[in-house]
Amino acid sequence: MGKLATIDVALDEMLVNLAAIVLRLSKPELTRTPEARRALTQSVHQYAVCAARSTDPRVHELKTELEKTLKPSLHIVAIDGVKVVVVGPRRRD
């Protein structure tokens with residue numbers, strides 16, 4: 001294996017490890033503030049830029065999984081008998 005291939009493999013492993021860290025930090029209880037959401041968004045976008053050149057399928061799967069963390073969760077609730085779509089985490093009241 002050439003030096004460049006060795007570097008590519010090492011970078012892919014670093015990207016896999018980085019994605020695991022960002023996924024742990026993307027939990028709703030850790031991203032409640034606007035600043036935390038912005039930081040998560042920036043981390044996911046930076047990861048996507050780095051992942052774009054990778055040929056490792058794990059890196060691309062993790063990129064997709066990370067991008068899903070940025071999409072708001074939707075759920076339907078009934079308010080006075082009327083169904084309403086709510087954006088955001090479900091309340092546990």
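The basis for the numbers below is simple: all heavy atoms, side chains too, and nothing from hydrogens, waters or symmetry mates.
- By the side chain to side chain donor-acceptor pair (under 3.5 Å) test, Glu13 is found to be paired with Arg58, residues two or more places apart in sequence or in another chain being considered.
- Contact check for Arg24 versus Ile21: side-chain heavy atoms found under the 4.5 Å cut-off.
- Using a 4.5 Å cut-off between side-chain heavy atoms of Ile, Leu, Val, Met, Phe, Trp and Tyr, with links allowed through other members, Leu11 and Val59 fall into different hydrophobic clusters.
- Within the model, atoms CG of Asp56 and CD of Glu61 stand 8.5 Å from one another, a figure rounded to the nearest 0.5 Å.
- Within 6.0 Å of atom CD in Gln42, 12 or fewer heavy atoms from other residues, nucleotides or ligands are found, so the atom counts as exposed in its surroundings.
- Between atom CG of residue Leu66 and atom CG of residue Leu25 there is a gap of 10.5 Å, rounded to the nearest 0.5 Å.
- Judged by distance alone, the side chain of His60 and the main-chain N or O of Ser54 form a donor-acceptor pair under 3.5 Å.
- For the pair Lys68/Glu65, no side-chain contact is recorded, criterion being any heavy-atom separation below 4.5 Å from C-beta on.
- Side chains of His45 and Thr41 form a contact here, defined as non-hydrogen atoms less than 4.5 Å apart.
- Atom CG in Leu15 sits 5.0 Å away from atom OH in Tyr47 (nearest 0.5 Å).
- Interatomic distance, CZ of Arg37 versus OG of Ser26, reported as 8.5 Å (0.5 Å rounding).
- For the atom pair CG of Leu70 and OG1 of Thr31, the computed distance is 9.5 Å after rounding to the nearest 0.5 Å.
- The side chain to side chain donor-acceptor pair (under 3.5 Å) check on Asp8 picks up nothing, with sequence neighbours excluded.
- Under the rule for a side chain to side chain donor-acceptor pair (under 3.5 Å), Ser43 has no partner lying at least two apart in sequence or in another chain.
- Linking ILVMFWY side-chain heavy atoms closer than 4.5 Å, directly or via other members, places Ile7 and Met14 in a single hydrophobic cluster.
- For the atom pair OG1 (Thr69) and CG (Leu23), the distance works out to 6.5 Å, reported to the nearest 0.5 Å.
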